[in-house]
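Notes for the one structure printed next.
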Amino acid sequence: MLVHHLEGVAKQSMLYAEAFGAGYLGYLAGILHDVGKYSDEFQQRIRGCNIRVDHSTAGAQWISNDKVYREYLGNYGIDRYFAILIAYTISGHHGGLMNYGAVDEEGTLKNRLAKKDIKEWASAWKEIEIIQQEWDSKKFVLDSGWNQEQIAWKYSFLGRMLYSCLVDADSIDTRDYCNDSDSRIVEEKRPSMSELQDRFNAYMSKKLNASRDTPINQKRRQILTACQRQAEMTPRMFTLTVPTGGGKTLSSLAFALNHATKYEKRRIIYVIPFTSIIEQTAEQFRYVLGQDAILEHHSNFDYEKYEENYGGDKERLLKFSSENWDASVVVTTSVQFFESLFSNQRSKCRKLHNIANSVIVIDEAQSIPRGYLKPCLMALDELIQSYGCTVVLCTATQPSWEGLGVKITEIMDTPTPTELMDAFKRVDVIIHGSNTEVISDSQVVEWMEESEQVLCIVNTRKHAKKLYDELKERNVEGLYHLSGRLCAKHRSEILMKIRECLQNQSPCRLISTQLIEAGVDVDFPFVIRSYAGLDSIAQAAGRCNREGQRESGKMVVFYPEKHGIPSKGWLKETATEAQNTIMFNNQSPLSLANIQNYFERIHGICDGRVEKVTDAEGIIKLLKSKNSNLEIPYQEIADKFQFIDGNMQTIVVRYDSRAEELIKNLSATMYPLREMRKLQSYTVQVYQHEFMEFQRNRLLDNVGGAWVLMENSYYDYQAGLLSATDTPEAEILLF
């Protein structure tokens, strides 16, 4: 019965919202969200009549009525605005949170609240009763630290959190009604934070006992000890500044587990910038903490492989958990995490309420896109201030957070970040060339040809392919290529071969784009890096003499030819600022002072451009302009907040026989989404103009809604996806 659904959703939504002190608002949203289904017209529809009925406006209109909200919420001036938040939530619980808009603006909340043709639903009162609870909105506002300047920001955030509570409760109640067996799977007990802390300590005890007593390992132990000790500090925003190779991943996890146990946090959310490294981090966490603790949520996750390893029920549980992040430890991407915080869509927002009362570790925090940096930092601060979270900004190259207006506490007290930087210095950095003295490709090729084990990192796919082709013509041994032109499955296989070569001291010459820089565990004696941002150069240095097995590694930073660096844009700007920082400061290229100066340049701290460059889409300004009436443009904000270029298109490649099988299934299945998920590790992202070129050359076929590469010859076994204008070799064996 409908009343059971409403009461079930209300109960669950209230429970979720209690995590941040808004339980009664969650209850009202739940009990009212489907009251429009009591209309005669909707009842006819569910009995087979082919008519459209708006069922999500009725509850929104009812709660926003002056008399009603005063009766159920109170007479404070802010109470009307809480009623409007509930109206946002109810009216968008299927289609997404709307802009507030205007009465005559279709698809806005104001338009919906003014609708006159809502069907009569008064029969609802025969079955449902709205329970009145004591609700002190004034106390809630004051406890949250709201003030006039921030009120629109905090108000908009609360709206998304309430929306999350409702849509997750609605989805779960519907799922459990339709399939009781799924409900039983989800009810499986998950490990507590204290259990996970015990598992971690047992693992680390064995690991430390088995490790050699080298100077590097001694420092790693000191870092781990500091993280465990500092976890006693009260929740706030922390930084963890540890050089590459210092064991930052496990030490930050140690901090998170100890802190979560002490302060009764519900879960740990580990946010990683690149899908190219998230798999290895999640696998490492599964090995340390157990597979029952870890949810790996990103676009390239291989559900099929997970099912093979852990069974069908575990795979279904993982899918359910990924929808709302109901897991002990969530490993996800920056894109997934931050875009969800600013989204207006049901599927993305559904997880938000489960972020409350968590420890959030932002790995490689310096990689948050500059144009969204201010909104992201404000969102993290809001999660701390109003939703009980602790945040750790984790990186070897910390930006000037204080210059960006962020109050932080550094975890590393003994040893200090400066002492660690000196202790982990394992590479001599040599600078070649400048913007007025470029280094030719032929010189780079010679450097690589002369060295049996060398990694060359460049800025663009085009440059990587050009250098690869020149070395291929010279028939050098052990030549490999990594870039976004390769599908994830292919990249994983190549990295496995590279690690074998390095371990066996075999020839290994790798040309890669920057995807190898963050967290990919490889150790070359010689690294060549095309000029880029100082943080990228530091990351590249972390792939050189990583374990300190040599007295010193060698790294060459060179200024490339024209095709190796764009004439404008982010890559050009960061390379220029890195060059200026190195040239005009009498410091080691990768000193902490240089890194701080570099970030102060690119973030506009030096010249007063902070607000402009760190909120490039004007998201904060957009909310400030709506401050007086709290008219939140949810859809507009979501449209503006996109980390990834929305013009990128996805092409499925026929990399191996398994890909061929999945593509064949895709054309025949009644459930294409399931097959598409399995195909994620066989996809390559291309820009819109490249995609159009593939279409013009009739190289793509639409199979079950996915664009599939028709010609196998356009996917090279080493270089990946070729350009649509390339002339492929006559025969390329892929299987």
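On a predicted model such as this, the values are computed, not experimentally measured, just so you know.
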### Task
Take E517 and R543 through the test salt bridge (Lys or Arg N to Asp or Glu O under 4.0 Å) and record every step on the way to the result.
CA-CA 7 Å; E517 286 178 345; R543 311 310 125 199; over 6 Å; no

### Query
For S386 and E382, what are the C-alpha separation, side-chain angles and deciding distance, and is it a side-chain hydrogen bond (donor to acceptor under 3.5 Å, both in side chains)?
CA-CA 6 Å; S386 301; E382 180 66 4; 3.0 Å; yes

### Task
May I have the step-by-step check of ring pair (Phe, Tyr, Trp, His ring centres under 6.0 Å) for F285 and Y270, ending in yes or no?
CA-CA 10 Å; F285 286 0; Y270 210 94; 5.1 Å; yes

### Message
Between D292 and R190, is the salt bridge (Lys or Arg N to Asp or Glu O under 4.0 Å) condition met? List the steps.
### Response
CA-CA 7 Å; D292 59 335; R190 292 176 175 80; over 6 Å; no

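Atom CG of L455 sits about 9.5 Å away from atom CD1 of I511, to the nearest 0.5 Å. With rounding to the nearest 0.5 angstrom, the CD atom of Q230 is 9.0 Å from the OG1 atom of T409.
Among all heavy-atom pairs drawn from Y531 and Q579, the shortest one is OH-CA, 3.6 Å.
Side-chain atoms of S483 do not come within 3.5 Å of backbone N or O of S512 as any donor-acceptor pair. Side-chain atoms of D363 do not come within 3.5 Å of backbone N or O of I272 as any donor-acceptor pair.
Exactly one of K351, R267, R266 qualifies for a salt bridge (charged side-chain N to carboxylate O under 4.0 Å, His left out) with D326. That residue is R267.
Side-chain contact between P235 and Y263: present, with at least one pair of heavy atoms (C-beta onward) separated by less than 4.5 Å. Within the 4.5 Å cutoff, no side-chain heavy atoms of T513 are placed close to those of I457. Side-chain atoms of F337 and I362, non-hydrogen and from C-beta on, do get closer than 4.5 Å to each other. Here the side chains of R236 and T234 are in contact, with some heavy-atom distance below 4.5 Å.
Note on K248 versus E364: salt bridge recorded, some NZ/NE/NH1/NH2 to OD/OE distance being below 4.0 Å.
Summarising the local packing, NZ of K572 is surrounded by more than 12 heavy atoms from other residues, nucleotides or ligands at distances under 6.0 Å. The 12-atom threshold is exceeded at CD of Q218, counting heavy atoms of other residues, nucleotides or ligands nearer than 6.0 Å.
Between the side chains of Q197 and E195, no donor N or O sits under 3.5 Å from an acceptor N or O.
Separation of the Y372 and F338 ring centroids does not fall under the 6.0 Å cut-off.
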